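Here is the structure we will look at, set down as structure tokens.
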Amino acid sequence: MSNLFSDPLIKPKDDIAGVFDEENGLLDRRIFSDDDLYQQELDQIFGRAWNFMVHESMLPNVGDYFINYIGEDQVIVVRDKTEKIQVLLNTCRHRGNALCRAEQGNAKSFVCSYHGWNYDLQGNLVGIPGRKDYYRDDIDQANLGLAKAAKVDSFEGFYFATLDPEAPSLYDYLGEVGRTGIYMMTANGEIEAVNGVQKNIVDCNWKIAVDNLFDWYHVRYSHHSAVKAGLLDIDKMLHPLNQMVLLGEYGHAISGPCIPEKLQQQIDTMTDEQRKEFSEADGSVRLRPASAKKKMGEQGVRSMGHPNIFPNLWVTLNGMQFCLRLPRGAHSTELWWFTLVQKDATPEQRKAVVRFANHTFGPAGLLEQDDGENWTQSSQTSKGRASGLLKHHLAMAQGHDIIATDKNGAGVIETHINEHAQRWNYQAWQDWMQAKDWADLKQNHRKVPEGKI
Amino acid sequence: MSAITPMVSESTDKQLAMMQKLILQHQVEQFLYAEAALLDERKYDQWYALMADDIHYWMPIRRTTTAKDIAQEFTKIGDIAFFDDDKELLGMRLKKFNSGSNWSEDPPSRTRHIVNNIRIKKLADDTVSVDCNFHLYRSRMNTDIDNWVGRREDRLRRTEDGFEVFQRHIYIDQTVINSTNFSSLF
């Protein structure tokens, strides 16, 4: 981080190494309740990572802004006068007041409601009331602009920001698996965000919510009532014996159902038009066009699973929706749901997307209603003196599968329902928490394994 | 005193009109109270029967905006919403309640639906619009408390037995929903 910032008050813990017992697939569940570890996560994970900010379609005009977070740091994501996306820390350089108090909107500049300091859309301090009479013109105005994210970049229209100038480029950070996860949203053509982000708060640790997105084991049981209600045809969706896991560097992973190779070979013989027709007739599947294979990889193109862009961006419904898990202390997480639609969708298609999105996820979603309490209780039991010492069991299918590297560098496992991606996620978490800085992380993060896994 | 004293000087027509208004107000209020009680008593099937076949049950997302951008405060019909149900989708929520595996409501929540500030407007002979404030209190497990407060724009249609609801638009007074879920009905 630049010298704008003081050193962290909490010194990192050195004894992270044993938190996940990789050999036995057992996890020290105190990582879901320890407040010091949480502060360390804010510095070493959210402070270093590329964090999702906005999709470009959310800020079409100069001055449009959307408030997002990097860890617990609130940032103003705004399109400046040159049409560039800026990511500015939402805190006045004078007394720290939040400049922007709305969740979204349009602004010409950001004026602090405390003493009236005024910042332009690039974060430059352009107005100080009483500069001459009270400050006697003795203030370093040029250096009191808003603090900015160290880097802002986009991939396929998705903007990310990092506070760490040493972070690799967004492209390299995402790697093959992260990029495949984003292509899942764009492979079928140009998209735009639908108006409205559902936000709610669940009293759980953010990591248990991330763990759950890889978890196709819970679907049949946790979401049994949604199946009974007729929301989903679970057999059409789950394919428990046709599962694919893709593992990427820095913790990115994709896990879930996949199109079997033989079926993909048939799809490969279809024209894009035929694929579209098939998808529209079937209703439950959206076949990707031929161009997707080059982007997502020979194997990745078959995935119908759930990507997580490390640390906290979940892509779901084959790219129709994505969700941020924003940390709010060790015991609380905000869930933000974003919905995408093809730019060329007919009004009927658009309606169908919105209808399905509204009824599946979000606090009233027939599926997601049943998740929150599981996560809350999985987090809360970690507070018990005795129960907190019992480890989480993550050993499903461990040692029973083979991982091969595809030619783009992603590790691919074809298997049944499993817990590979969760193990990978906690291993990566450990790498991030042990690394002293990005240089250390770049060098010492685990590489995608090969062979038995 | 004059405001509450019957206006003996007014014409019989005016008095009759006033009486009709009072009766309608009373009927609508009694209907809303009885409907709310069905939800609190977990008689979901009976409640569902009061929803019209053309019901639009909708809760838009609300956003904190500046006064200048207040037109963006609520998402619009066709945008993303918390609830956007027709009769079929409401029916799915009912099936979920009755599925035997509705974990978000098993153990069942304790709810209390408070409905007040009821202002009605006759739309046609058989339909009426009803604006009201609501307070839905939910107590879950042993210590989880939710207080959902807001405004509703209902529309009711006369039936043989009373009324049915063909519009329930719910404007909640929260932006980031401070709750694990919305497993209750409003």
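Just so you know, these numbers come straight off a predicted model, no measurement behind them. Values reported hereafter were calculated over all heavy atoms of this structure, with side chains retained and with hydrogens, waters and symmetry mates removed. Below, chain A is the first sequence line, B the second, and so on; all start at residue 1.
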| Side chain / backbone / both / neither for B/Ser184 at chain A, heavy atoms under 4.5 Å | neither

| Residue B/Asp69 versus chain A: region with a heavy atom under 4.5 Å | side chain

| task | Kindly determine whether B/Asp86 and A/Arg355 satisfy salt bridge (charged side-chain N to carboxylate O under 4.0 Å, His left out), including the steps that lead there. | result | CA-CA 10 Å; B/Asp86 54 19; A/Arg355 185 180 165 99; 2.9 Å; yes

| note | side chain to side chain contact (heavy atoms under 4.5 Å, CB included) test vs A/Ile201 passes for just one of B/Thr180, B/Val176, B/Ile177, namely B/Val176

| Non-hydrogen side-chain atoms of B/Leu89 and A/His359 separated by less than 4.5 Å | yes

| request: Specify which of A/Ala364, A/Gly196, A/Ala107, A/Gly365 makes the most heavy-atom pairs with chain B at under 4.5 Å. | output: A/Ala364

| Between A/Gln321 and chain B, which part of the residue has a heavy atom less than 4.5 Å away: side chain, backbone, both or neither? | neither

| task | Please check if the distance between the ring centroids of A/Tyr221 and B/Trp103 is under 6.0 Å. | result | yes

| said: Could you check whether any side-chain heavy atom of B/Lys96 comes within less than 4.5 Å of a side-chain heavy atom of A/Asp370, counting everything from C-beta outward? | reply: yes

| task | Determine yes or no for a side-chain-to-main-chain donor-acceptor pair under 3.5 angstrom, with B/Arg63 supplying the side chain and A/Gly105 the backbone. | result | no

| task | Would you indicate whether the side-chain heavy atoms of A/Glu103 and B/Thr65 approach each other to under 4.5 Å? | result | no

| Heavy-atom neighbours of B/Lys68 NZ exceed 12 at 6.0 Å | yes

| task | Ignoring hydrogens and angles, tell me if any N or O in the side chain of A/Asn195 forms a donor-acceptor pair with the backbone of B/Asp79 under 3.5 Å. | result | no

| said: For the backbone of B/Asn181 and the side chain of A/Gln369, can you confirm whether one donor and one acceptor N or O come within less than 3.5 Å of each other? | reply: no

| chain A heavy atoms under 4.5 Å from B/Met59: which part of the residue, side chain, backbone, both or neither? | neither

| task | Measure distances from B/Glu88 to the heavy atoms of chain A and classify the residue's part below 4.5 Å as side chain, backbone, both or neither. | result | side chain

| message | If you define the side chain from C-beta out and look only at heavy atoms, does anything of A/Arg101 sit under 4.5 Å from B/Thr64? | response | no

| query | Which atoms of B/Ser179 come close to chain A, meaning under 4.5 Å heavy atom to heavy atom: side chain ones, backbone ones, both, or neither? | reply | backbone

